[in-house]
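We name chains A, B, ... by the order of the sequence lines, and we start the count at 1 in each one.
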2 protein chains.
Amino acid sequence: MSSAYDPAAYLPFAVTVDLVVLTLRDGELQVLLVERGAEPWRGRWALPGGFVRPDEGLDAAAARELVEETGVRDVPGHLEQLASYGDPDRDPRMRVVSVAYLALAPDLPEPHAGTDAARAAWVPVAEAQRRPLAFDHARVLADGVERARAKLEYSPLAAAFCGEEFTVADLRRVYEAVWGRRLDPRNFHRKLTGVPGLLVDTGRTRAEGRGRPATLYRRGSVTTLHPPITRD
Amino acid sequence: MSSAYDPAAYLPFAVTVDLVVLTLRDGELQVLLVERGAEPWRGRWALPGGFVRPDEGLDAAAARELVEETGVRDVPGHLEQLASYGDPDRDPRMRVVSVAYLALAPDLPEPHAGTDAARAAWVPVAEAQRRPLAFDHARVLADGVERARAKLEYSPLAAAFCGEEFTVADLRRVYEAVWGRRLDPRNFHRKLTGVPGLLVDTGRTRAEGRGRPATLYRRGSVTTLHPPITRD
DNA sequence: TCAATAGTGTCTGTAAGACAGTATTGT
DNA sequence: ACAATACTGTCTTACAGACACTATTGA
């Protein structure tokens, strides 16, 4: 740093946040995508996101974009930073560094297109990964899905896909959708109820069509699953 | 995005990379720190780092800074992105987003101070975490150390702290230093040699003072430890 | 009564942790 | 010989996965 210090010389970057918003719809893992209404990549599907404002922190920008893009005032669930992407040529307009966030949310209403988007929609992850996405969003999406898969193993994050109260079967369906494999309901039940502090019994039950009603639980206080739920 | 599009309106950010460089010295986990030679935080210890250049990717910037700050041409070991930090007031000069990287390296020579630094030194992590660090580097350091601790559980990254060839005891000393607890040498040996593809026997041994010489291994091709080394 | 889902018990194999014992070196 | 470190074998306990069985509901 020279003594004749010029801050403007170090300000050649734009910073955006991009969101990988995952949810469970129709028993399937889905991701929120927007169809771009402007160049570059006009007409392509992309992850929702936008520029970080000059006086706004990264987490705050991600939370704001999440509200704007889903149209839901207080999005329940989970929001965490994923990674940053800053290849010099990832945006033809200018030098952009994108800080990606991963959001896990319960089933939300159909999104409405924002200012920059022609359309917005929930898309099954498997299909989204087949589509050509704008920018480097295919990689961001892959990183987000992999993070979600890994975190289910050792964290109680499956509950972020559910409402305030949920059954063990709800959690199992989350695992099955995210991991793409069936789990034994009986072993899963014994395992989850065996982790101390993970599930708080509400004392009530919920009937799901036929069959014995299931106990309703709320999230407990544990932050780490010991032992983990493995996905070998 | 308006039709009268002005890229300059979105360019109020500087982007830096900060490095958490961890190594093993004297059987202790140590981190590379520099003493700042300029304002702000002149005289404070900080993580090494610097501005990302206009035509340089984030990973490339981190790799370049790692070489510059350690003084080693090709730093062996491991380099991965950690997280990004962008609170609006984290740097009083201007709006800075810092992309932090975690580097794990074998014992390297004493560093020399770079252009911006008064001094550079390896500091035991426990001591570094007691010192007041510049910017939000205390949090970055804590995040980096925690990432390293977690990754040892399920990845073969301990070898990144060692040279090309190493013994099982070398790896055990890495785990013991990073986790801050003793491991049973016998169970550790059986566990590590039991992971298929993790260790490649060189056929040679290395004598370490007294005692039976240990087999020398090279890194195998596995990227995930199954089963993991737990740190309950 | 039957089908469907919730939840429990029981068995088997695998692996973790504790630790006795053997192998191979320097002093 | 002895101390020190490398490595192997064995025991106990815990948990994963498979699956039989009981419990409670709607049709």
Side-chain angles (χ1 to χ4, degrees), chain A residues 27 152-154 158-159 162 165-177 179-218 222 224-232, chain B residues 27 152-154 158-159 162 165-177 179-218 222 224-232:
Chain A
L152 285 200
E153 287 200 75
Y154 56 89
C162 304
E165 299 186 342
F166 48 86
T167 67
V168 173
D170 289 338
L171 294 180
R172 179 168 46 82
R173 278 185 276 270
V174 171
Y175 278 87
E176 291 181 336
W179 286 351
R181 49 175 293 233
R182 312 289 290 180
L183 299 174
D184 186 299
R186 298 158 295 185
N187 290 335
F188 184 85
H189 185 281
R190 186 158 34 79
K191 200 158 190 172
L192 272 267
T193 53
V195 179
L198 176 64
L199 302 175
V200 178
D201 193 331
T202 63
R204 283 173 303 107
T205 60
R206 190 174 64 198
E208 205 82 76
R210 277 185 288 279
R212 171 174 168 177
T215 305
L216 276 170
Y217 294 96
R218 239 193 304 276
V222 290
T224 318
L225 254 47
H226 263 299
I229 318 288
T230 51
R231 53 164 168 159
D232 291 312
Chain B
L152 285 201
E153 287 198 75
Y154 56 91
C162 305
E165 299 186 342
F166 49 86
T167 67
V168 173
D170 289 338
L171 294 180
R172 180 168 45 82
R173 279 184 276 270
V174 170
Y175 278 88
E176 292 181 335
W179 286 351
R181 50 174 293 232
R182 313 288 290 179
L183 298 174
D184 185 300
R186 298 160 294 183
N187 290 335
F188 184 85
H189 186 281
R190 186 159 33 81
K191 199 157 188 172
L192 272 270
T193 53
V195 179
L198 176 65
L199 303 174
V200 178
D201 193 331
T202 64
R204 284 172 302 108
T205 60
R206 190 174 65 197
E208 206 82 75
R210 275 185 287 279
R212 172 175 168 179
T215 304
L216 276 171
Y217 294 96
R218 239 193 304 274
V222 290
T224 316
L225 253 48
H226 263 299
I229 318 289
T230 50
R231 53 162 167 160
D232 294 312

Handout entry: Whole angstrom value for the distance that separates P of D/dC15 from CG of A/D184
Key = 18 Å

Handout entry: Contacting residues from residues 197-217 of chain A, given that a heavy atom lies under 4.0 angstrom of DNA chain D
Key = A/G209, A/R210, A/G211, A/R212, A/P213

Exercise for the section: Name all residues meeting the ring-ring contact (aromatic ring centres under 6.0 Å, His included) criterion together with A/Y175; count only those two or more places apart in sequence or in a different chain, and write none if there are none. Expected result: A/W179, A/F188

Exercise for the section: Spell out protein contact along nucleotides 8-17 of chain C as letters: B when the base is contacted, S when just the sugar-phosphate is, - when no protein heavy atom is under 4.0 Å; keep the 5' to 3' order. Expected result: BBB-----SB

Practice task
Quick one: list whatever passes side-chain contact (heavy atoms from CB on, under 4.5 Å) with A/Y154, sequence neighbours left out.
Solution key: A/K151, A/P228

Completion exercise
By side-chain contact (heavy atoms from CB on, under 4.5 Å), B/R204 pairs with (sequence neighbours left out) B/E165, B/T202, B/L216

Fill in the blank from the handout: One should read off an interatomic distance between B/R172 CZ and B/D184 CG, to the nearest 0.5 angstrom, of 8.5 Å

Practice task
Would you please name every residue forming a salt bridge (Lys or Arg N to Asp or Glu O under 4.0 Å) with A/R182, sequence neighbours left out?
Solution key: A/E176

Practice task
Specify the separation, in whole Å, of atom CG of B/L183 and atom P of C/dC19.
Solution key: 15 Å

Practice task
Could you go through the side-chain contact (heavy atoms from CB on, under 4.5 Å) check for B/T215 and B/V168 one step at a time?
Solution key: CA-CA 8 Å; B/T215 304; B/V168 173; over 6 Å; no

Handout entry: Rounded interatomic separation in angstrom, taking CG from B/D170 and C1' from D/dA6
Key = 13 Å

Practice task
Output the distance between atom CG (B/L171) and atom CG (B/L199), rounded to the nearest 0.5 Å.
Solution key: 6.5 Å

Handout entry: d(CZ, B/F166; P, D/dA6) in whole Å
Key = 15 Å

Exercise for the section: Decide, yes or no, whether a salt bridge links A/R206 with A/D170 under the criterion of side-chain N to carboxylate O below 4.0 Å. Expected result: yes

